[in-house]
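Note that the structure is predicted; figures quoted are calculated from it, not measured.
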Amino acid sequence: MFTIKDSRPWISLSWLILKWSTIVGLLVGFVPSALSLLSGNTISVNGIAIVGWTGVWIVTVACGLGGFLFGAIWALVLRAIAIASGR
């Protein structure tokens, strides 16, 4: 079985997961909403139409926050593994 006795690789992996999940969340929010705006559609959030680039940035921030929270959960899991591997 593969085990790591040192906790540093787990901690560096947790920062990597947090960083990349936030970046992917921002991209998942920005690219489709910007393409939707450029094709002439109006972005709707909870039935409220948000016109222009304001809607794009709202969707981008919301998806970025979702990616950050996803990464934070996995960072906590990996930190717990780091604590467990140090013992």
Side-chain angles (χ1 to χ4, degrees):
M1 182 172 159
F2 177 71
T3 59
I4 297 176
K5 302 275 187 214
D6 191 13
S7 63
R8 276 179 274 145
W10 293 110
I11 292 173
S12 64
L13 182 63
S14 70
W15 283 112
L16 186 72
I17 294 279
L18 182 63
K19 178 179 74 171
W20 281 105
S21 64
T22 304
I23 290 171
V24 167
L26 289 170
L27 286 174
V28 163
F30 179 76
V31 172
S33 60
L35 290 174
S36 176
L37 177 71
L38 292 175
S39 68
N41 296 326
T42 302
I43 296 172
S44 175
V45 177
N46 285 337
I48 298 172
I50 302 173
V51 182
W53 285 98
T54 305
V56 172
W57 293 117
I58 288 174
V59 171
T60 302
V61 168
C63 289
L65 182 63
F68 176 78
L69 292 175
F70 177 80
I73 290 169
W74 277 105
L76 287 173
V77 168
L78 292 172
R79 296 259 176 158
I81 294 172
I83 291 170
S85 69
R87 296 178 185 218

- Item | Heavy-atom closest pair, residues L26 and G64 | CD2-CA, 3.6 Å
- What one should report as the nearest heavy-atom pair of W74 and I17 is CB-CG2, 3.8 Å
- Message: Between S21 and G67 (side chain of the first, backbone of the second, donor and acceptor by atom type, cut-off under 3.5 Å), is there such a pair?
- Response: yes
I'd like a table of donor-acceptor pairs (distance under 3.5 Å, sequence neighbours excluded) in which one partner is a side-chain atom from residues 42-59, with atom names and distances.
none

- Under the side chain to side chain contact (heavy atoms under 4.5 Å, CB included) test, which residues partner I73, sequence neighbours left out?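 Once residues adjacent in sequence are excluded, I73 has no partner under the side chain to side chain contact (heavy atoms under 4.5 Å, CB included) criterion.
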- Task: Under the side chain to side chain contact (heavy atoms under 4.5 Å, CB included) rule, collect the residues that match up with I23, sequence neighbours excluded.
- Result: K19, W20, L27
- Message: Measuring from atom OG of S12 to atom CG of L78, what distance do you get when rounded to the nearest 0.5 angstrom?
- Response: 9.5 Å
Starting from [X], walk the hydrophobic network (Ile, Leu, Val, Met, Phe, Trp, Tyr; side-chain heavy atoms closer than 4.5 Å) and list everyone else you reach, by chain and number.
X: L18; answer: I11, W15, L65, F68, L69
X: L76; answer: none
X: V61; answer: none

- Task: Treat each ILVMFWY residue as a node, draw an edge where side-chain heavy atoms are under 4.5 Å apart, and state whether I81 and F70 are in one component.
- Result: yes
